[in-house]
Trainee: 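Quick one: structure below, then a few questions.
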Amino acid sequence: ALKAGACPVSPRAAAFDPFEDAYQQDPPEYVRWAREEEPVFFSPKLGYWVITRYDDIKAVFRDNITFSPSIALEKIIPTSDEANAVLASYSYAMNRTLVNEDEPAHMARRRVLMEPFTPEALRHHEPMVRRLAREYVDRFIDDGRADLVDQMLWEVPLTVALHFLGIPEEDMDLLRQYSIAHTVNTWGRPKPEEQVRVAHAVGNFWQLAGKILDKMRKDPSGPGWMKYGIRKQADYPEVVTDSYLHSMMMAGIVAAHETTANATANALKLLLQHPSAWREICEDPSLIPNAVEECLRHNGSVPAWRRLVTRDVKIGGIDIPAGSKLLMVMASANHDQRHFEDADALDIRRDNSSDHLTFGYGSHQCMGKNLARMEMQIFLEELSRRLPHMRLCEQTFTYLPNTSFRGPEHLWVEWDPLQNPERRNR
Ligand code: HEM
């Protein structure tokens with residue numbers, strides 16, 4: 001029996017654990033019970049309220065005053081004193097960027113920094129994305145077999161991200177290791193010994209970000225969003241602060257890179273698991289933009305995001321007190337039958353695919369969404385044109401255990417190189 005005032009937690013809510021492999025393998029399936037029967041529940045393991053339906057999540061995203069994004073980059077599981085001391089030894093001071101900034105500071109900053117994301121500005125990046133995609137495919141097209149993540153989908157978005165931010169290409173391998181550590185540090189549940197290793201990597205990432213920033217400050221001319229930010233700081237020092245620039249130098253690499261790399265790997269896996277959909281886009285590439293949107297809905301790369309409740313409210317009829325923390329499972333919202341007809345089916349012609357919440361919604365909605373879409377479209381165009389006959393190899397998919405960044409660590413595909421269209425056309 002429940003004590004008066006105690007929080008009623010069902011057995012399934014008590015068992016909910018987003019660090020289990022089942023969550024990473026298929027987030028909407030993992031919380032299907034909740035979406036259907038207990039759409040807003042308290043998770044004692046996490047200390048968060050978990051929100052699983054489309055309308056409830058959209059309402060939370062819509063009101064960023066009642067539901068503050070300030071905890072978006074906070075460690076989801078507090079780490080040991082030892083790991084915290086390691087971070088402190090690197091003067092680690094990750095703070096507000098945009099995604100975790102409250103109003104009115106957030107909107108003022110977002111406005112000042114928006115221009116490099118306009119469709120016009122993004123068009124300049126398209127030839128580079130296309131060239132990189134072609135070069136990487138050239139390297140393995142005659143092999144008959146490739147791990148698309150290791151051989152293309154991780155590095156190309158990283159290179160694009162570094163160019164977009166204006167960062168020199170050197171230190172790429174180091175940045176790759178560091179950015180994974182940041183994901184584990186923020187959204188994962190590392191074991192005590194791993195926490196210390198992760199803390200060193202995050203500390204090094206922080207210091208490297210500071211060094212790159214100092215280099216840029218000496219000559220902030222030329223293309224790149226971070227350089228643009230440094231130039232804007234001269235006019236708006238209160239809006240574009242030093243703390244912002246240093247934090248964004250680190251968070252921006254992860255925001256622009258891992259999200260997109262994972263989203264493309266998820267999309268290709270999904271399409272190759274649905275050979276008729278894959279065949280259709282190979283035959284008619286004009287289907288690709290909507291297919292990208294449908295893949296982001298069905299199998300997106302950011303399955304969940306956080307908010308802090310700033311006043312007593314009701315969500316989906318449940319009383320939630322001020323000070324509560326929310327985990328919104330957008331991957332579940334994206335499979336909500338109340339909003340998407342036959343929600344579990346992949347339908348590359350679906351007319352409301354782009355209603356998905358994978359980019360968030362409202363005043364914080366992803367600023368980089370059109371860059372991500374452009375990259376994903378180009379990768380699908382190049383791969384479907386040059387390797388239409390590829391198929392998934394037999395394999396077990398593995399994922400990094402964490403709440404918010406999701407994509408297979410490897411994606412093995414195979415094909416017969418003798419059947420490559422560009423050979424047959426010779
Ligand atoms: C914010 C997802 C790619 C930059 C966000 C948010 C999500 C997200 C869920 C939080 C939205 C909210 O709180 O309402 C994704 C996904 C991507 C992607 C799934 C790829 C498929 C990118 C890229 C960039 C980027 C390529 C380029 C720099 C940002 C920025 C914000 C943001 C700056 C903060 C916006 C604000 O708070 O005003 N993204 N993102 N993202 N994203 Fe992305």
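As the structure lists them, so they are numbered: ligands from 1, and atoms in each ligand from 1.
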Trainee: With atom 11 (C) of ligand 1 as the reference point, say which of Met374, His364, Arg307 has the nearest heavy atom.
Mentor: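 Looking at heavy atoms only, His364 sits closest to atom 11 (C) of ligand 1.
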Trainee: Within the 4.5 Å heavy-atom criterion, are Thr310 and Phe67 side-chain neighbours or not?
Mentor: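 They are not in side-chain contact.
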Trainee: Counting only protein N/O/S, how many atoms fall short of 2.8 Å from atom 43 (Fe) of ligand 1?
Mentor: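 Near atom 43 (Fe) of ligand 1, the number of protein N, O or S atoms below 2.8 Å is 1.
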Trainee: Test of understanding: given a 4.0 Å heavy-atom threshold, classify the contact between Gln365 and ligand 1 as side chain, backbone, both, or neither.
Mentor: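 The part of Gln365 near ligand 1 is the backbone, not the side chain.
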Trainee: Decide yes or no for Met152 and Thr264: does some side-chain heavy atom of the first lie under 4.5 Å from some side-chain heavy atom of the second?
Mentor: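 No - every pair of side-chain heavy atoms lies 4.5 Å or more apart.
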Trainee: For ligand 1, is any non-hydrogen atom under 4.0 Å from Glu101's backbone (N, CA, C, O), its side chain (CB onward), both, or neither?
Mentor: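 The answer is neither.
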Trainee: Does the structure place the NZ or CZ of Lys45 under 6.0 Å from the centre of the six-membered ring of Phe16, at an angle of no more than 45° from the ring's axis?
Mentor: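 No cation-pi geometry.
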Trainee: For the pair Asp63 and Lys58, find out whether any cationic side-chain nitrogen is under 4.0 Å from an anionic carboxylate oxygen.
Mentor: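 So Asp63 does not pair with Lys58 through a salt bridge.
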Trainee: Just distances here: any N/O of Arg110 and N/O of ligand 1 closer than 3.5 Å?
Mentor: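 Looking only at distances, the answer is yes, because the N/O contact criterion of under 3.5 Å is met.
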Trainee: Please confirm whether Phe42 and Trp49 have ring centers closer than 6.0 angstrom.
Mentor: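 When the ring centroids of Phe42 and Trp49 are compared, they turn out to be within the sub-6.0 Å range.
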Trainee: Taking the six-membered ring of Phe340, is NZ or CZ of Arg297 closer than 6.0 Å to its centre and within 45° of its axis?
Mentor: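 Judged by the rule, Arg297 and Phe340 form a cation-pi pair.
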Trainee: Return a yes/no value for Ser301: is any of its N or O atoms, backbone included, closer than 3.5 angstrom to an N or O of ligand 1?
Mentor: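 No, Ser301 has no N/O under 3.5 Å of an N/O on ligand 1.
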Trainee: For Phe61, which part has a heavy atom under 4.0 Å from ligand 1: side chain, backbone, both, or neither?
Mentor: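 Within the 4.0 Å criterion, Phe61 contacts ligand 1 through side-chain atoms alone.
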Trainee: Should you measure from each heavy atom of Tyr361, which atoms of ligand 1 turn up under 4.0 Å away?
Mentor: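 Counting atoms of ligand 1 from 1, those under 4.0 Å from Tyr361 are 14 (O).
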Trainee: At what distance is the nearest protein heavy atom to atom 9 (C) of ligand 1, and which residue and atom is it?
Mentor: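 Atom 9 (C) of ligand 1 sits closest to the protein heavy atom Thr358 O, 3.5 Å.
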Trainee: Does the separation of the ring centres of His298 and His335 fall below 6.0 angstrom?
Mentor: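 Under 6.0 Å, so yes.
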Trainee: Kindly state whether the ring of Phe164 and the ring of His125 have centres lying under 6.0 angstrom apart.
Mentor: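 Ring centroids of Phe164 and His125 are less than 6.0 Å from each other.
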Trainee: Considering both backbone and side-chain atoms of Leu98, is one of its nitrogen or oxygen atoms within less than 3.5 Å of a nitrogen or oxygen in ligand 1?
Mentor: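 So ligand 1 has an N or O lying under 3.5 Å from an N or O of Leu98.
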